[in-house]
Amino acid sequence: MENMLDNRRARGETTKLALMRAAEKLIAQRGVENVSIREIVVAAGQKNESALQYHFKNLRGLLHAIRTERSAMVQAKRAELLQMLLTETGKPSLQQLCSVMVEPTFQLARSDVEFRRYIKAFGHELALVETSPLKAVSNTGGGGESGQLMGRLLREALPHLDEDDYRRRMEAAIMLCAASMYHHARQKNAFRGHQSELFLHSLLDALFGLLGAPVSPDTLALKQGA
C-alpha cells in the first residue's frame, strides 16, 4: 500500500513538473495572454485537461507555482554566493553586492536552458508592475532570508541615501535588472560567450552607478520643496 502511495505521489510530481515546464516554454514563445490551458496540457503530454485543474486549480495557480519554484532557486543561489562573499570579507563593498544582485539569475540561466525559458517568459514582470517593485518582491516573500540579508547589507553600503532615496534607487535597480535580463534572454546565444559576459559587466556598471551616485542638487531641491 505504501509503495502504491509513493508511486502515485511520484507520478503526481512528474505531471506537475511537466505542466510547469510546458507552460514556461509556451509562454516564452507567445506570451501568457496567447496560451490556453488546453495547449499547456497537450504540450505536457497529458491526455486529460483536468490534470492542470487537479494539481493547480487554474492557470493562475500554475503560474504562481512556477514563480515560487524559480524564486526559491534564485534565493538558494544568492544565499550560496552571499555565504562565499561574507566568508571572504565581513563588510562587502557596493560593487560586490551589485554582483550578488545579478549573478544568481545570470548563473542559473547560463547553466539551465529551462531557467532561460523562465526568464524569457516572466523576466519582465517586475519592470512592469503598476505598484512598487519593492512591494511586489515583498509580496512574494521578500526574496527569502538571503534577500533580507542583501537588503541589510545594501542599506549599510549606501549611507549617503536617506530612506526615501534608498527606496527609489532600489526600485529603479529592480526594474533595471528585470528588464535587462529579460531583453538579454531573448537574444541569440543569450547567457553564452563573450557578448553575454559583456552584457553582465555592463549591467553591473550601470547598477553600481545607479545605486552609488550622490544625490544631485536638483533632487535635493525638489525634496526640500515637496
Side-chain angles (χ1 to χ4, degrees), residues 67 70-71 74-75 77-79 81-86 88-109 118-187 190-191 195-226:
R67 295 184 184 105
R70 295 309 193 183
S71 177
V74 173
Q75 291 173 29
K77 176 58 72 172
R78 182 171 55 219
L81 296 178
L82 270 175
Q83 182 60 48
M84 292 171 59
L85 178 58
L86 292 174
E88 295 172 2
T89 175
K91 189 174 182 180
S93 68
L94 177 58
Q95 191 168 19
Q96 289 172 318
L97 292 172
C98 287
S99 180
V100 177
M101 289 179 69
V102 174
E103 285 277 2
T105 299
F106 186 86
Q107 290 186 19
L108 288 167
Y118 166 73
I119 298 299
K120 288 176 69 175
F122 300 100
H124 61 300
E125 290 184 329
L126 283 174
L128 299 178
V129 293
E130 295 182 1
T131 56
S132 159
L134 275 176
K135 184 177 180 180
V137 170
S138 297
N139 288 342
T140 57
E145 291 184 9
S146 64
Q148 293 171 27
L149 175 57
M150 271 293 295
R152 291 195 296 271
L153 292 170
L154 281 165
R155 192 68 193 95
E156 292 171 6
L158 297 167
H160 66 292
L161 301 178
D162 65 22
E163 288 304 317
D164 287 339
D165 288 326
Y166 174 77
R167 175 182 52 79
R168 283 189 285 265
R169 296 280 183 99
M170 287 304 301
E171 289 182 340
I174 290 169
M175 291 187 287
L176 170 65
C177 291
S180 298
M181 286 290 181
Y182 172 75
H183 183 266
H184 183 67
R186 304 194 76 84
Q187 306 307 302
F191 302 103
Q195 287 303 311
S196 74
E197 289 293 331
L198 185 59
F199 157 77
L200 173 64
H201 288 281
S202 295
L203 176 57
L204 289 174
D205 290 345
L207 191 58
F208 179 79
L210 189 162
L211 294 175
V215 180
S216 71
D218 287 342
T219 299
L220 288 172
L222 287 166
K223 288 171 63 178
Q224 291 166 0

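Positions are given from 1, in the same order as the sequence printed here.
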Contact check, side chains of [X] and [Y], non-hydrogen atoms, under 4.5 Å:
X: Leu149; Y: Arg152; answer: yes
X: Asp165; Y: Leu158; answer: no
X: Met101; Y: Met170; answer: yes
X: Phe191; Y: Met181; answer: yes
X: Leu161; Y: Arg167; answer: no
X: Ser216; Y: Leu220; answer: no
X: Ile119; Y: Leu108; answer: no

Glu156 vs Lys91, salt bridge (charged side-chain N to carboxylate O under 4.0 Å, His left out): CA-CA, chis, key distance, verdict: CA-CA 9 Å; Glu156 292 171 6; Lys91 189 174 182 180; over 6 Å; no

In terms of side-chain heavy atoms, does Glu171 have a donor or acceptor partner in Ser132 at a distance below 3.5 Å?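 Yes - a donor-acceptor pair under 3.5 Å links their side chains.
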
Is it the case that Gln95 and Ser99 place a side-chain donor and acceptor less than 3.5 Å from each other?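 On atom types as modelled, these side chains do not qualify, holding no pair under 3.5 Å.
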
Begin from the C-alpha positions of Gln195 and Gln187 and carry the test side chain to side chain contact (heavy atoms under 4.5 Å, CB included) through to its verdict. CA-CA 10 Å; Gln195 287 303 311; Gln187 306 307 302; over 6 Å; no

What pair of heavy atoms forms the shortest contact from [X] to [Y], and how long is it?
X: Arg186; Y: Lys120; answer: NH1-O, 2.8 Å
X: Asp162; Y: Arg155; answer: C-NH2, 3.5 Å
X: Leu94; Y: Gly212; answer: CD2-CA, 3.7 Å

As an exercise, state the distance from [atom1] of [X] to [atom2] of [Y], rounded to the nearest 0.5 Å.
X: His183; Y: His124; atom1: NE2; atom2: NE2; answer: 13.5 Å
X: Glu197; Y: Ser202; atom1: CD; atom2: OG; answer: 11.0 Å
X: Asp218; Y: Lys223; atom1: CG; atom2: NZ; answer: 13.0 Å
X: Leu128; Y: Tyr182; atom1: CG; atom2: OH; answer: 8.5 Å
X: Leu154; Y: Leu97; atom1: CG; atom2: CG; answer: 5.0 Å

Geometric class of the His184/Phe199 ring pair [parallel <30°, tilted 30-60°, perpendicular >60°]: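 Phe199 vs His184 ring planes: parallel.
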
Applying side-chain contact (heavy atoms from CB on, under 4.5 Å), can you list everything that pairs with Phe122, at least two apart in sequence or on another chain?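 With sequence neighbours excluded, Phe122 shows a side-chain contact (heavy atoms from CB on, under 4.5 Å) to Glu24, Ile27, Leu63, Ile66, Arg67, Tyr118, Glu125, given in chain and number order.
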
Test side-chain contact (heavy atoms from CB on, under 4.5 Å) applied to Ala178 - qualifying residues, sequence neighbours left out: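 In terms of side-chain contact (heavy atoms from CB on, under 4.5 Å), with neighbours along the sequence ignored, Ala178 is linked to Leu126, Ala127.
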
With distance as the sole test, does [X] use its side chain to make a donor-acceptor pair with the main-chain N or O of [Y] at under 3.5 Å?
X: Ser146; Y: Arg78; result: no
X: Thr219; Y: Val215; result: no
X: Arg169; Y: Ala213; result: yes

Starting from the C-alpha separation in whole Å, work towards a yes-or-no answer on side chain to side chain contact (heavy atoms under 4.5 Å, CB included) for Leu176 and Leu203. CA-CA 8 Å; Leu176 170 65; Leu203 176 57; 3.9 Å; yes

Between Lys77 and Glu103, does any side-chain N to carboxylate O distance fall below 4.0 Å?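 Between Glu103 and Lys77 there is no salt bridge, as every charged N stays at least 4.0 Å from the carboxylate O atoms.
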
Identify all side-chain donor-acceptor contacts of residues 204-211 below 3.5 Å with residues at least two apart in sequence or on another chain.
none

